[in-house]
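What you see is a predicted model, and the numbers here were worked out from it, not measured in a lab. Lettering of chains follows the sequences in order, A, B, ..., and the numbering in each one begins at 1. Heavy atoms only: backbone and side chains are in, while hydrogens, waters and symmetry mates are out.
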Number of protein chains: 2
Amino acid sequence: MKEGPDIAQIGALIGDPARANMLAALTGGRALTATELAGVGGITVQTASTHLAKLEAGGLLAQRKQGRHRYFTLADEAVARLIESMMGFAAGRGHLRHQPGPKEPALRKARICYDHLAGDYGVRMLDSLIASGAIEAVGEGLALTEKGESDLECIGIDVSDLRSSRRPLCRSCLDWSERRAHLAGSLGKALLSSFLDKGWARRTAESRSIRFSPEGDRQFLKLFPVDP
Amino acid sequence: MKEGPDIAQIGALIGDPARANMLAALTGGRALTATELAGVGGITVQTASTHLAKLEAGGLLAQRKQGRHRYFTLADEAVARLIESMMGFAAGRGHLRHQPGPKEPALRKARICYDHLAGDYGVRMLDSLIASGAIEAVGEGLALTEKGESDLECIGIDVSDLRSSRRPLCRSCLDWSERRAHLAGSLGKALLSSFLDKGWARRTAESRSIRFSPEGDRQFLKLFPVDP
DNA sequence: TTCATAGTTCGATCGTAACCGAAGCATCGC
DNA sequence: GCGATGCTTCGGTTACGATCGAACTATGAA
């Protein structure tokens, strides 16, 4: 008894529905204000404030003051991975929300996961990259091949630039909706950024979902085909 | 709001100290009775019973009746991974227990993580396997090389037998005490089993720690050297 | 300065869940 | 059959924490 680190603390932090909703919303990657987070939690600002203070004290959240606003983000990528992995686990056990709601299908199709693409499109992209030989799946990990490096340079991704960062280039991240892996890491981030830059897709206002334009949709599906 | 799977439920399940202690104890891999779990949780059997019922309803635990005993185990390896990953996260944030206690050093040296070796010795073993070229680290994943396969056959591990199982051969598992990876998967399990079979080490009664005999210690350190 | 907006702190209320004693089943050994 | 052990269910108590109204601080706009 009393062995090891205290998982009860962080479990309790995530265990409150209001806090869980806020954390899930912040998995969208963008910084949100206390008032916005109160909205997603379905509570008043006062209550949200105490929740946010607790989450920050627990090391899950970081805070940035800007004028009279306070922007909250997840403390780092480790928190995002923890949340997504818990989502994957929960989805596997059938711990789903009671009302699927109208936004569900859009979320399942394409959504943002911290800073990269997830959902059906995210899984398709990784599948296609593996099928074309751009990425190799070794064990549980992912590795970019030489072919992949040149392929990506063609569509405007500066791989050598990405390599210079300390962050791993390829990471696989388990998708809660698809129950399959999609591409995370700095490469995953760069790819999503390029889609947004090219105007193929854009982030929606209050949700984690990503909306592809008709043209962007065509380009994406052409660039990442699924073999028959 | 109301997006995705419900992480609050499992967060709340893990969020209670008594339940967290029971789950951590069960990460030791062996099945425990309700009374034993009440002990590790520091609560009476009645209370433990309700906790265990909740954990089982939540899909975290499985139960097996045997005579008048009820043996509880983690539902599957996914639960074990979730718990260990939360431990790693918690350790990284400094969410440590208040009293380190006398058993801490033993736990840090060598302990069981579901069914494989973790702690200092677990990390050393993987490091050594990689240094000798038996295992390759590719991206985040691990892959057994041909050399590794023959090396392992020499010490009595039937790799082809392990391959026939559906479970992945090599997995990397993040260690909460060392903050580095150790070897999981069916190969990790087989290696630990062989140590126990050879009498190099044995599991302790009430703890997750593993005790090496003086002779076993020498053999282990010889078999898995760290290069200078 | 004054007003408005964003956020925190205080105080009090309220619900829920953890907890244990006691009673109730089930299984084993005899 | 009997008592002993392992565990669950019931009932009632208690304590903690989530919640919000109201008051307070800070920044920005006019």
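Whole-Å rounding puts the B:Tyr71 OH to C:dT27 P distance at 16 Å. Protein atom CG of A:Leu55 is 14 Å distant from nucleotide atom P of D:dG17, rounded to whole Å. Counting to the nearest Å, the P atom of D:dG6 and the CZ atom of B:Arg64 are 17 Å from each other.
Of the charged side-chain nitrogens involved, at least one lies within less than 4.0 Å of a carboxylate oxygen, so that B:Glu84 and B:Arg208 count as a salt-bridged pair.
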Contacts table for residues 67-75 of chain A: side-chain donor-acceptor under 3.5 angstrom, sequence neighbours left out:
from: A:Arg70; atom 1: NE; to: A:Gln63; atom 2: OE1; distance (Å): 3.4
from: A:Arg70; atom 1: NH1; to: A:Gln63; atom 2: OE1; distance (Å): 3.0

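Comparing A:Gly42 and A:Gly67 by the nucleotide of DNA chain D whose heavy atom lies nearest to each, the residue mapping closer to the 5' end is A:Gly42. In terms of position along DNA chain D, the nucleotide closest to A:Ile43 lies nearer the 5' end than the nucleotide closest to the other residue of the pair A:Ile43 and A:Arg68.
Partners of B:Thr47 according to the side-chain hydrogen bond (donor to acceptor under 3.5 Å, both in side chains) rule, which considers only residues two or more places apart in sequence or in another chain, are B:Thr44. Annotation: salt bridge (charged side-chain N to carboxylate O under 4.0 Å, His left out) contacts of A:Arg81 (sequence neighbours excluded): A:Glu77. Every residue meeting the side-chain hydrogen bond (donor to acceptor under 3.5 Å, both in side chains) condition with B:Arg218, not counting sequence neighbours, appears here in chain and number order: B:Glu215.
Between the B:Arg203 side chain and the B:Gly28 main chain, a donor and an acceptor come within less than 3.5 Å of each other.
A sub-4.0 Å separation between OP1 or OP2 of D:dT19 and a side-chain N or O of A:Thr44 is absent. Between B:Lys54 and C:dA18 there is a side-chain polar atom (N or O) within less than 4.0 angstrom of OP1 or OP2. Taking side-chain N and O atoms only, A:Arg19 has a distance below 4.0 Å to OP1 or OP2 of D:dA18. Note on B:His51: a side-chain N or O is less than 4.0 Å away from OP1 or OP2 of C:dC19. In this model, the phosphate group of D:dG6 is not approached by any side-chain N or O of B:Lys65 to a distance below 4.0 Å at OP1 or OP2.
Applying the salt bridge (charged side-chain N to carboxylate O under 4.0 Å, His left out) test to every pair with at least one member in residues 111-121 of chain A, sequence neighbours left out, gives these pairs: A:Arg111-A:Asp175, A:Asp115-A:Arg167.
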Nucleotide N/O to protein N/O under 3.5 Å, stretch nucleotides 8-12 of chain C:
from: C:dT8; atom 1: OP2; to: A:Ser49; atom 2: OG; distance (Å): 2.6
from: C:dT8; atom 1: O5'; to: A:Ser49; atom 2: OG; distance (Å): 3.1

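Out of D:dT19, C:dA18, D:dG6, the shortest distance to the side chain of A:Asp16 is found at D:dT19.
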